[in-house]
Amino acid sequence: MKILIVTPSYFPVRGGGEQVIYELASRYAKTHEVHIVTPQLPDAPKEETDGNLRIFRFPMIRQTLLDAVSGQMVLSRLLPKLHAEHGYDFVQMFFFYQLGGAVVRFCRKNRLPLLTTLAGWDTYDPVRPVPALFNPYLAWVMNHSTDCVTCCRHMARSAVKQGCSTPPKVIPHGTSMLTATSGRVEIRQKYGIATEKKIILSVQRLAPRKGLDLLVDAAAAVGRDDVVFLVCGKGPDLEKLQLRAKERGVEQKVVFAGFVPDDELKDHYEQSDLFALPSLYEGFGVVYVDALNCGLPVVTTTCGGPEDIVDDTNGFLVPVGDLTAFTGALSRALERKWDRAQIRTDARKYDWDSIVEQYEAYFTAGS
């Protein structure tokens with residue numbers, strides 16, 4: 001089949017949603033021809049080809065409402081042109097707020113099945129919520145898609161509140177840790193962490209929605225000298241977090257590792273003692289299932305996606321923004337003897353190949 005994926009964000013932008021699209025598209029491309037249509041970025045070529053996977057990038061203004069208007073205007077011309085040349089059988093759309101209207105109209109006109117995957121802030125986000133006045137538009141996009149799926153129950157409920165007439169089916173995201181290799185780096189040696197120290201790992205973009213102010217505060221409040229917080233990732237909040245750590249007197253306990261290459265991530269998970277992320281909101285949280293697939297217990301918040309992933313067999317959930325509860329959960333998790341082998345076994349359900357099979361069932365039904 002020829003599958004068209006439309007998304008307003010893709011690599012080289014790095015985030016959970018972009019990683020999910022890559023994982024799905026690269027696996028689709030093993031048996032199908034896959035095209036991704038996404039906006040042009042300064043550091044990305046206009047077109048790319050990798051076997052059965054092709055990427056087409058189009059110009060789009062990046063300014064609040066103008067991005068949706070400009071993006072849909074371009075797509076209204078680009079999608080028919082691509083379809084006339086390639087003849088698509090199926091369309092899948094992500095992050096539907098910005099481009100959804102144009103994609104729905106294109107699919108309806110050409111009688112193409114459209115699977116809308118609710119994967120981001122357009123369905124629910126308490127940090128940067130979509131104004132309620134857009135709900136009729138969002139409902140129209142969802143209700144004029146052939147099917148809607150999402151990655152967690154919280155987002156499915158949010159979609160219904162926005163006007164989605166049929167609750168979306170929940171298909172979780174997967175992890176690449178099942179096939180990743182380890183043994184490339186010794187993290188204690190790399191970051192100068194003593195062998196007697198316990199490592200609390202956190203992997204994410206350093207952005208406000210990740211709640212990392214609270215993580216730094218927890219480093220001060222946990223009251224243990226045998227713990228190091230290893231914070232991996234880059235983003236706009238780096239300097240602010242470094243200053244906060246200095247102000248709290250924990251600059252020696254909080255190590256900001258910067259961006260970690262994909263081929264070193266498994267070592268970071270496997271060689272740590274605990275994963276912690278006090279997010280304000282997560283649509284799903286691929287880093288959680290990455291950690292669990294390496295046998296690493298998780299401490300996080302009741303912020304959406306993690307509520308489907310974390311339970312008392314593999315970690316602790318605490319209320320968003322509650323420093324006392326978060327610090328207490330860290331302390332309990334550090335003292336508990338976790339069955340890391342069992343955590344790893346239970347997390348095998350997040351295998352990307354089996355998840356892709358669930359998506360491909362829609363291709364068969366729509367063909």
Side-chain angles (χ1 to χ4, degrees), residues 16-17 20 118-121 123-127 150-158 161 170-175 177 198-205 207-224 227 229-233 269 272-340 342-350:
V20 165
L118 315 179
W121 66 275
T123 307
Y124 175 79
D125 186 343
V127 181
T150 189
C151 54
C152 72
R153 292 175 295 172
H154 182 275
M155 196 174 290
R157 292 192 296 267
S158 299
K161 290 180 181 178
V170 175
I171 301 178
H173 297 328
T175 174
M177 290 299 112
K198 291 184 179 292
I199 299 175
I200 298 178
L201 178 69
S202 194
V203 180
Q204 69 289 293
R205 177 171 163 77
R209 72 176 59 251
K210 300 301 180 180
L212 294 174
D213 285 356
L214 191 140
L215 185 71
V216 173
D217 292 348
V222 76
R224 295 179 56 150
V227 173
F229 289 74
L230 181 58
V231 181
C232 300
Y269 287 116
S272 297
D273 297 281
L274 182 66
F275 185 88
L277 181 57
S279 280
L280 306 181
Y281 173 67
E282 292 286 347
F284 182 74
V286 171
V287 291
Y288 301 116
V289 295
D290 284 350
L292 295 176
N293 269 275
C294 296
L296 193 60
V298 170
V299 173
T300 187
T301 58
T302 52
C303 63
E307 296 169 61
D308 285 5
I309 300 168
V310 180
D311 57 36
D312 59 6
T313 68
N314 58 23
F316 296 121
L317 289 166
V318 301
V320 173
D322 190 329
L323 176 60
T324 300
F326 187 71
T327 303
L330 291 177
S331 298
R332 294 196 308 276
L334 289 169
E335 293 300 323
R336 180 169 168 178
K337 293 184 178 180
W338 299 94
D339 186 343
R340 293 188 62 160
Q342 189 61 50
I343 291 174
R344 188 180 293 110
T345 298
D346 292 343
R348 287 176 181 166
K349 61 186 175 183
Y350 299 110

Provide the full list of salt bridge (Lys or Arg N to Asp or Glu O under 4.0 Å) pairs with a residue in residues 207-224, sequence neighbours left out, each pair given once.
D125-R209, K210-E282, D213-K240, D213-R244, D217-R244, D217-R248, R224-D226, R224-E335
Using the test ring-ring contact (aromatic ring centres under 6.0 Å, His included), find all partners of Y350 that sit at least two apart in sequence or belong to another chain.
none
Heavy-atom pair with the smallest gap, counting every atom of G283 and C151
O-SG, 3.4 Å
Check: residues 303-311 side-chain donor-acceptor pairs under 3.5 Å, at least two apart:
| residue | atom | partner | partner atom | Å |
| --- | --- | --- | --- | --- |
| E307 | OE2 | G304 | N | 2.8 |
| D308 | OD1 | R153 | NE | 2.8 |
| D308 | OD1 | R153 | NH2 | 3.0 |
| D308 | OD2 | R153 | N | 2.9 |
| D311 | OD1 | T313 | N | 2.8 |
| D311 | OD1 | T313 | OG1 | 2.5 |

Using the side-chain hydrogen bond (donor to acceptor under 3.5 Å, both in side chains) rule, collect all pairs that involve residues 285-298, keeping only residues at least two apart or in two chains.
T175-D290, Y288-T300
Applying side-chain contact (heavy atoms from CB on, under 4.5 Å), can you list everything that pairs with S158, at least two apart in sequence or on another chain?
T123, Y124, H154
side-chain contact (heavy atoms from CB on, under 4.5 Å) against L214, all qualifying residues, sequence neighbours excluded:
P278, L323, F326
Would you say the rings of W338 and F316 are close, in the sense that their centroids are separated by under 6.0 Å?
yes
Between L330 and A218 the two heavy atoms that sit nearest each other are CD1-CB, 3.9 Å
Residues G295 and R340: closest non-hydrogen pair is O-NE, 2.7 Å
Is any side-chain heavy atom of I171 closer than 4.5 Å to one of T150?
no
The side-chain contact (heavy atoms from CB on, under 4.5 Å) partner of P297 among L334, N314, L274, D339 is L274
Checking D346 now: which residues fulfil side-chain hydrogen bond (donor to acceptor under 3.5 Å, both in side chains) with it, not counting sequence neighbours?
Q342
Residues forming a ring-ring contact (aromatic ring centres under 6.0 Å, His included) with F284, sequence neighbours excluded
H173
Ignoring hydrogens, what is the shortest heavy-atom contact between L215 and A276? Give both atom names and the distance.
CD1-CB, 4.2 Å
In sequence, state the C-alpha distance, the side-chain angles, and the governing distance for F275 and V203, and then conclude on side-chain contact (heavy atoms from CB on, under 4.5 Å).
CA-CA 8 Å; F275 185 88; V203 180; 4.0 Å; yes
Suppose we screen for side-chain hydrogen bond (donor to acceptor under 3.5 Å, both in side chains). Which residues come up paired with S202, at least two apart in sequence or across chains?
Q204
Closest approach of A156 to V170 (non-hydrogen atoms, all atoms of both residues)
CB-CG2, 4.2 Å
Any side-chain heavy-atom pair from V231 and V216 closer than 4.5 angstrom?
no
Qualifying residues under side-chain contact (heavy atoms from CB on, under 4.5 Å), relative to A219, sequence neighbours excluded
F229, V250, V254
Shortest non-hydrogen contact from A329 toward V299:
CB-CG1, 3.7 Å
side-chain contact (heavy atoms from CB on, under 4.5 Å) partners of P319, counting only residues at least two apart
D322, A325
